[in-house]
There are 2 protein chains.
Amino acid sequence: MTDTDTNSWRGVQSELLRRINEKEWPAGSLVPNEVDLAEEFGCARTTVNRAMRELADAGLLVRRRKAGTRVATHPASRVVLDIPIIRLEVEQRNAEWRQSLIEKTACVPPVRITSRLGLDPDAQMLHVRSLHFADNHPFLHEDRWMNIAALPGVERVDFSAVSSNEWLIENAPYTTGDIAFSAMNADAALADLLEAPLGAAIFVVDRITWDKDIPITSVRLSYAPGYRMNTKI
Amino acid sequence: MTDTDTNSWRGVQSELLRRINEKEWPAGSLVPNEVDLAEEFGCARTTVNRAMRELADAGLLVRRRKAGTRVATHPASRVVLDIPIIRLEVEQRNAEWRQSLIEKTACVPPVRITSRLGLDPDAQMLHVRSLHFADNHPFLHEDRWMNIAALPGVERVDFSAVSSNEWLIENAPYTTGDIAFSAMNADAALADLLEAPLGAAIFVVDRITWDKDIPITSVRLSYAPGYRMNTKI
DNA sequence: AAGTGGTCTAGACCACGAC
DNA sequence: TCGTGGTCTAGACCACTTA
C-alpha cells in the first residue's frame, strides 16, 4: 500500500515515473505493454492500466492502441486552477466581502459579445455590472452579460442581494466554457471604480459559458492592481 | 458504449451529472452508495466507482468512507492550463521562433529569490535572461535563476542555442512547483526590450520549481502586451 | 491480420472514520 | 462496530490502428 509496493497502482506509478525521470526510458521511446509490465511487477493488468492512464492524463505518456505507449517528448506541464466564488475568495483572505450593484439593464449587447456567443445580434441580454469589495477596498469589477432566454426569471433577481456570480453558479449549470487571462491598462472608468491610477496594470479574466450549445453568460472580471492568481503544480 | 448507456462508465457519469445539474440531487445531499447505484444501473460497482471518482476529482462530489458521497455545495470550477515550451507556443501560432540571450552570469541573487527558494542567501546562482521572438517581434522576456548545485554542468550550457526553458524541461525533472499569474506595468527596461510603451500592461507568470525539496529554478515570464492565455473548462 | 490499449465483470479484502 | 469507498484480481470482449 505504500508508494514503493509495485503491486499497488501508486507503487507502479511511482516506479514508472522514476524510469521516465531518470531517463531509463528516454523521451520518445516505446515502453513495454501492459501485460508485460503487469508480469514484471507481479500485479494485475488493471493495476498497470490505472497507473499508466493517469500518467497519460498528466501528459507524461502518449498511448495509442496497437502502436503502444511512448514517453512524451515535450511534457507540457499541466496546471490546475480552482476558480471559486468571488465572495469565498475574498473571505479566504480573511477579508469582509460586500458588493455594490452598478448597473442592471436589459439591452442589446455590443456585437463582440453576441458574435462570440453565437447569438442573434438583435437579441436583448441582461447587462449586470457590480463592484466587489474586500474590507471596503475595491477588489474586482464584474461586467456580465446574461442570456435572458436561457435563464428564466433572471430579470426579477435582486442582484444587489446576491452577486450574479454566485446566483449563476447555484442556478445555471454549464457544460463547457472558454477562459482567457490577460493584462490591460485601466481606462478612466475602471481606474475610478477600482480606485487605481489611470493606466494601472489590471489582471483580467474573460469567461464564456455554455450549457450544451446554449450560451449562458459572458463575463469580464477586472481585478484591482496587485492581484495575483496562485496555484501549485 | 455511448454516453447514454448506463452500463459504461461514461454513461453512468453523464447520468450522475444530469441528476446533479438538474438538482434531482440537490447540493449538499447524500447520494446513494456505489452498490445501490450499480444495481440500479445494472453494472458492476467498479464502473460506478470510476464514474464517481472522476466527478470527485473534478470537485463535483465529495466522498468520504463510511460517511458516503455528497454533492459538493460550492463547486469551484476547475480550469486546466497546459503550459508548453515557449518555442512550441510560438510555433503553434504559426510564427517563427527565435531567442536572443541577454545575460548569463553566476552571481548572488537578490534576497527575494533566495528566501522564496529556501537557499543560503550567499549562494551563487546562475542568472539567465533572454528574449523570445515570434516572427521577429518580441514575444516574452524570460528572467531565470537556476540552482547551480542542483544542476550539474549548467554553467557550461550554451543558452543561446537552447533556451533555458527548454533545457530545463529536458534535463531537470521537478516534482512540485508554485505558479502565480499577475499583471504589472512595464518599467523602462522591460518596455525597451518588449518594444512596448512605458507602463504598458504586462501579463506575468512567476514560477518556482523544486525536485523533492531541492530548489531548481525561479523564473519570471513577462509577455508582450496583448498576450492572452486561453483554455477551456 | 494481429497487437495494443479501453473497458467491463464478479468477487474479494481492506482502510477509514462516523456512530 | 460496521458501513462506505479504495483498491486489487483474473478473466473477458472489444475498438482502434498499424503492419
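Below, read A as the first sequence line, B as the second, and so on, with proteins coming before strands; counting in each chain starts at 1.
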key: Nearest-angstrom distance from the residue atom CZ of R53(B) to C1' of dT7(C)   = 13 Å
query = Between dT9(D) atom P and R45(B) atom CZ, what is the distance in whole Å?
reply = 16 Å
key: Side chain of K66(A) (C-beta onward), nearest among dC16(D), dA12(C), dT4(D)   = dC16(D)
remark   = Of the listed dC8(D), dG5(C), dA10(C), the closest approach to the N33(A) side chain comes from dG5(C)
Minimum-distance nucleotide to T46(A) side chain [options: dA10(D), dT18(D), dG6(C)] = dA10(D)
query = Within the pair R50(B) and dG6(C), is there a side-chain N or O less than 4.0 Å away from OP1 or OP2?
reply = no
task = Starting from P on dC8(D), measure out to CE on M52(A) and report it in whole angstrom.
result = 16 Å
ask   = Rounded to whole angstrom units, what separation is found between the CG atom of N49(A) and the P atom of dA10(D)?
value = 15 Å
key: A67(A) side chain, from C-beta outward: closest of dT7(D), dG3(D), dT18(D)   = dT18(D)
request  = Look only at the side chain of E34(A) and the backbone of A44(A), and say whether a donor-acceptor pair between them is shorter than 3.5 Å.
outcome  = no
request  = Grab the CZ-C1' distance between R63(B) and dA15(C) for me, whole Å please.
outcome  = 15 Å
message = Of the options dA18(C), dT9(D), dC16(D), whose atoms approach the side-chain atoms of R65(A) most closely?
response = dC16(D)
task = Look at K232(A) together with D178(B) and state whether they make a salt bridge at an N to O cut-off of under 4.0 Å.
result = yes
query = To the side chain of T47(A), which of dG5(D), dT7(D), dT9(D) is closest?
reply = dT9(D)
ask   = Is E24(A) salt-bridged to R18(A), going by a charged N under 4.0 Å from an acidic O?
value = yes
key: Parallel, tilted or perpendicular: ring planes of F203(B) versus F203(A), cut at 30 and 60 degrees   = parallel
key: Atom pair distance, as rounded to whole Å: CD in E34(A) and P in dT9(D)   = 13 Å
